[in-house]
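Order of the sequence lines sets the chain letters (A, B, ...), proteins ahead of strands, with each chain counted from 1.
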Amino acid sequence: MSNVSLEDIVSLCKRRGFIYQGSEVYGGLAGTWDYGPLGVALKRNIMQLWWKMFVDDLDDMYGVDAAILMNQKVWQASGHTETFTDPLVECSNCHGRFRADKIDTSKCPACGLKGTFGEPRQFNMMFKTYVGPVQDDNSISYLRPETAQGIFTNYKNVVDSFYPDMPFGIAQQGKAFRNEISPRDFVFRSREFEQMEIEYFVHQDQWENAFELWRNRVHDWFKALGLPADMLHELEVPKDDLAHYSKRTIDFEFDYPHGRDEILGMAYRTNFDLGNIQRASGKNMEYRPKDGGEAFVPHVIEPSFGVERAIMAVLVAAYTVDELHGEKRTLLKLPKHLAPVRCAVSPLLKNKPELVEKAKEVYASLKKEFGNVMWDDNGNIGKRYRRQDEIGTPYCVTIDFQTLEDNTVTVRDRDTAEQTRVAIAELLPGLA
RNA sequence: GCGUAGGUAGCUUAAAUGGUGAAGCACCACGUUGCCAUCGUGGAGAUUGAGGGUUCGAAUCCCUCUCUACGCUCCA
């Protein structure tokens with residue numbers, strides 16, 4: 001378990017503009033969260049890092065961005081339509097829940113009492129909607145409950161356009177929607193969330209190699225997020241618990257404030273999905289090796305990342321309370337490439353026009369270079385430092401009287417609170 | 001969805017058996033302040049989660065809804 005409470009994280013996120021309750025002015029909407037200025041910056045930094053690590057920096061990866069609304073046949077072929085729309089009944093005594101079409105509803109199979117079931121209700125994890133003006137069975141569509149199918153449905157397109165060597169992968173980032181029974185634990189389980197998913201296509205004989213390859217890449221990812229190894233755990237999902245199409249799954253877990261829980265999952269899904277599409281669509285999903293070898297329907301390794309779960313882990317790992325000059329201080333020790341604000345610029349005193357003017361110059365030049373630079377002349381210099389500590393700004397640049405004489409500034413380090421004098425000309429490369 | 005506990009200013013908390021809703025921090029303005037939450041003055045900010053009811057009078061009592069936390073349940 002981590003030593004920070006979920007309450008601390010939620011409070012800081014709201015107070016400092018990271019994450020707010022969705023629809024808050026109207027009393028909220030369960031399972032939805034809105035990102036404020038700092039939150040969206042952190043989120044984008046994380047997603048961009050992922051894209052760079054797993055698409056741009058690799059030779060065997062292709063990116064896609066599929067539509068959220070998909071032909072309902074996608075969800076029929078994948079099994080979601082069937083498995084997400086069961087009629088359920090609940091026992092009013094023991095609260096056991098059962099498929100109304102699978103049991104004798106006159107008696108509860110769990111507690112044995114009679115007449116405890118009410119009317120069966122459709123329990124549908126997929127958000128249903130109608131596409132087009134006519135609302136009938138043919139126009140039904142769903143908000144995707146996972147992004148993976150958008151990759152599978154484009155597998156053939158990517159092969160036809162690029163004819164990549166096997167193995168190769170397709171990556172996608174995007175929203176997914178699930179009507180969770182009980183959203184819980186801040187952004188950990190919500191009804192609208194963001195996934196980053198990869199389907200890595202291999203010949204069946206190669207799946208174990210690919211599994212290890214991605215297992216290592218996942219650990220590189222954790223390292224890039226600055227997550228300490230002792231807060232991360234691999235859970236080898238027991239054979240009995242595996243989905244019927246999976247031969248092996250590892251849940252990567254993190255020590256969240258609410259307990260040890262999944263941060264991402266990695267599954268060997270065999271050729272279940274492409275096989276389903278081939279059957280349902282009648283299109284040939286076979287890959288023809290360039291060397292003239294036998295054609296085959298590729299198997300896949302699927303590393304599936306949750307953005308919000310990564311954000312939460314990053315915040316939890318970064319959240320630190322220490323003591324500085326006899327005062328308690330809260331800081332986020334975010335990796336600097338993830339920090340929402342790269343650096344803050346301040347005049348030592350805001351009522352000295354010559355300091356303010358010089359500081360504005362420095363601010364403008366840094367802003368031009370990094371973009372995410374914050375101007376702060378509120379209160380006194382100590383308060384500004386503490387405020388920046390709390391949002392994880394790695395550096396604070398202060399323009400003082402010596403700056404006016406020799407064009408040097410002080411750069412104050414978030415973690416050590418140490419200050420060093422740096423020539424303005426050296427500032428850009430120093431902060432990069 | 002079920003059970004339990006809650007929701008008071010941006011945050012943290014006060015408000016005796018129903019009787020004008022406060023404070024600290026944060027925020028804004030002015031002054032002060034030569035390097036780690038200075039000090040002073042002034043200001044703004046709350047139909048007490050929403051809606052209804054009881055009452056002369058409701059943050060407080062009742063009902064409905066909503067949101068959050070915890071336990072079940074659920075969980076590609």
Side-chain angles (χ1 to χ4, degrees), chain A residues 5-8 10-17 20-32 36 75 78-80 83-84 86 88-98 110 118 121 123 125-126 144-149 176-186 188-189 193 195 197 241 243 245-246 249 251 257-259 261-262 264-265 267 269 273 302 304 306 323-331 346-352 355 378-390 396 398-404 409-414 416-419 421:
Chain A
S5 75
L6 190 61
E7 216 177 353
D8 292 335
V10 174
S11 169
L12 184 137
C13 281
K14 181 177 183 193
R15 189 159 32 89
R16 305 314 308 274
Y20 310 111
Q21 171 73 50
S23 308
E24 195 184 20
V25 283
Y26 292 112
L29 180 65
T32 63
W75 308 112
S78 68
H80 284 84
T83 57
F84 278 72
D86 301 337
L88 294 183
V89 289
E90 182 170 314
C91 173
S92 59
N93 177 53
C94 69
H95 302 304
R97 193 175 288 136
F98 308 92
R121 50 202 305 167
F123 224 89
M125 288 272 286
M126 289 198 289
R144 62 184 178 197
E146 61 171 34
T147 59
Q149 295 304 322
F177 305 82
R178 288 180 205 173
N179 201 358
E180 293 284 353
I181 294 170
S182 63
R184 210 45 83 88
D185 301 317
F186 197 32
F188 185 87
R189 175 171 294 122
F193 57 101
Q195 291 188 308
E197 292 197 303
D241 294 346
Y245 51 77
S246 179
T249 297
D251 286 346
H258 68 272
D261 215 334
E262 184 179 344
L264 67 88
R269 292 175 68 108
D273 299 278
E302 178 191 80
S304 176
E323 198 167 295
L324 185 64
H325 304 296
E327 297 277 349
K328 207 179 82 161
R329 79 162 171 160
T330 302
L331 68 157
S346 290
L348 178 61
L349 299 173
K350 74 166 166 180
N351 62 352
K352 297 283 187 284
L355 288 181
N378 191 307
N380 63 59
I381 194 68
K383 279 192 180 180
R384 295 175 210 157
Y385 288 156
R386 300 305 174 92
R387 245 200 318 272
Q388 295 300 328
D389 287 341
E390 207 177 16
C396 289
T398 301
I399 282 67
D400 56 21
F401 293 96
Q402 192 180 330
T403 309
L404 302 176
V409 296
T410 61
V411 176
R412 183 262 194 186
D413 181 90
R414 175 193 66 202
T416 63
E418 280 172 9
Q419 300 185 106
R421 284 215 81 83

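- One can place CZ of A/R386 at 18 Å from C1' of B/C11, the figure rounded to the nearest angstrom.
- In this structure, A/M126 places its CE atom 16 Å from C1' of B/C74, rounding to the nearest Å.
- Nearest nucleotide to the side chain of A/N351, out of B/U32, B/G34, B/C70: B/U32.
- Remark: B/C11 base-pairs with B/G24. Criterion, Watson-Crick or G-U wobble with two distances under 3.5 Å.
- Checked by atom type and distance alone, the side chain of A/R384 pairs as donor or acceptor with a backbone atom of A/G379 at under 3.5 Å.
- Side-chain to base pairing of A/R384 with B/C36: no donor and acceptor N or O lie closer than 3.5 Å to each other.
- Heavy atoms of A/Y20 sit nowhere under 4.0 angstrom from any nucleic acid atom.
- Of the C1' atoms belonging to B/A44 and B/A29, the separation is 10 Å, rounded to the nearest Å.
- Residue-nucleotide stacking is not present for A/Y385 and B/A37, judged by a side-chain ring centre under 5.5 Å from the six-membered base ring centre and planes under 30° apart.
- Side-chain atoms of A/Y20 and A/V25, non-hydrogen and from C-beta on, never get closer than 4.5 Å to each other.
- Between A/R414 atom CZ and B/C36 atom C1' the separation is 16 Å, expressed in whole Å.
- Looking at heavy-atom distances under 4.0 Å, A/L348 makes contact with a base.
- Considering only heavy atoms from C-beta on, A/Q195 stays 4.5 Å or farther from A/R144 through its side chain.
- If you measure from atom CG of A/D261 to atom P of B/C70, you get 11 Å, rounded to the nearest angstrom.
- Side-chain atoms of A/Q402 and A/L348, non-hydrogen and from C-beta on, never get closer than 4.5 Å to each other.
- A/N378 has a side-chain polar atom (N or O) that falls below the 4.0 Å cut-off from OP1 or OP2 of B/C28.
- Under the Watson-Crick or G-U wobble criterion, with both distances below 3.5 Å, B/A16 is left unpaired in every strand shown.
- Closest contact between the side chain of A/L6 and the listed nucleotides B/C36, B/C70, B/C74 involves B/C70.
- Contact annotation for A/Q195: base contact, defined as any heavy-atom pair under 4.0 Å involving a base atom.
- With B/C36, B/U12, B/U68 as the candidates, the nucleotide lying closest to the side chain of A/A30 is B/U68.
- Nucleotide B/U38 forms a pair with no other nucleotide shown, judged by Watson-Crick or G-U wobble geometry with both contacts under 3.5 Å.
- For A/K328 and B/C25, the NZ to C1' distance is 13 Å, given to the nearest whole Å.
- Atom P of B/C39 sits at a distance of 15 Å from the matching atom of B/U33, rounded to the whole Å.
- Counting non-hydrogen atoms under 4.0 angstrom, A/G31 reaches the backbone sugars and phosphates but no base.
- Nucleotides of RNA chain B nearest to A/K14 and A/S304 differ in position, and the one nearer the 5' end is that of A/K14.
- When distances run from any side-chain atom of A/K383 to the nucleotides B/A26, B/U33, B/C11, the shortest one goes to B/A26.
- The gap from the C1' atom of B/U4 to that of B/G40 amounts to 49 Å, rounded to the nearest Å.
- When heavy atoms are screened at a 4.0 angstrom cut-off, A/S182 is found touching base atoms of the nucleic acid.
- Closest to the A/R189 side chain, of the nucleotides B/C11, B/C74, B/G1, is B/C74.
- A donor and an acceptor atom, one from each side chain of A/Y385 and A/T398, are located under 3.5 Å apart.
- If you take atom C1' in B/G24 and the same atom in B/G45, they sit 15 Å apart, rounded to whole Å.
- For the pair A/Q21 (side chain) and A/L29 (backbone), a donor-acceptor distance under 3.5 Å is present.
- B/A59 and B/U54 have their P atoms separated by 16 Å, given to the nearest Å.
- Spacing between atom CD1 of A/I381 and atom P of B/C39 amounts to 17 Å, rounded to whole angstrom units.
- Straight-line distance from the CD atom of A/Q21 to the P atom of B/G49: 15 Å, rounded to whole Å.
- As rounded to the nearest Å, B/U12 and B/A16 have C1' atoms that lie 23 Å from one another.
- A side-chain donor-acceptor contact under 3.5 Å links A/T147 and A/E197.
- Among the protein residues, A/S78 comes within range of no part of the nucleic acid, since none of its heavy atoms lies under 4.0 Å from any strand.
- Here the side chain of A/R15 is nearest to one of B/C11, B/G34, B/C67, namely B/C11.
- Using N1 to N3 plus N6-O4 or O6-N4 for Watson-Crick, or N1-O2 and O6-N3 for G-U wobble, each under 3.5 Å, B/C70 pairs with B/G3.
- The nucleotide whose nearest atom lies closest to any side-chain atom of A/I181 is, among B/C36, B/G34, B/U73, B/U73.
- Across the interface with RNA chain B, nearest-nucleotide mapping of A/L29 and A/R387 shows A/R387 to be the residue nearer the 5′ end.
- Side-chain atoms of A/S23 never come within 3.5 Å of backbone atoms of A/Y26 as a donor-acceptor pair (strictly under, hydrogens ignored).
- Using a cutoff of 4.0 Å between basic side-chain nitrogens and carboxylate oxygens, A/E327 and A/R386 are not scored as salt-bridged.
- Here B/A69 presents its P atom at 7 Å from CG of A/D185, a figure rounded to the nearest Å.
- When the nucleotides B/G34, B/A37, B/C70 are ranked by their closest atom to the side chain of A/H258, B/C70 comes out on top.
- Under 4.0 angstrom from either OP1 or OP2 of B/C36 there lies no side-chain N or O belonging to A/Q419.
- Look at the C1' atom in both B/U8 and B/G1: the space between them is 30 Å, to the nearest Å.
- For B/G71, its base sits under 3.5 Å from the side chain of A/R184 at one donor and acceptor pair at least.
- Between B/U17 and B/C62, the distance separating the two P atoms is 14 Å to the nearest Å.
- Taking every side-chain heavy atom of A/N380 into account, B/U38 is the closest of B/C36, B/U38, B/C72.
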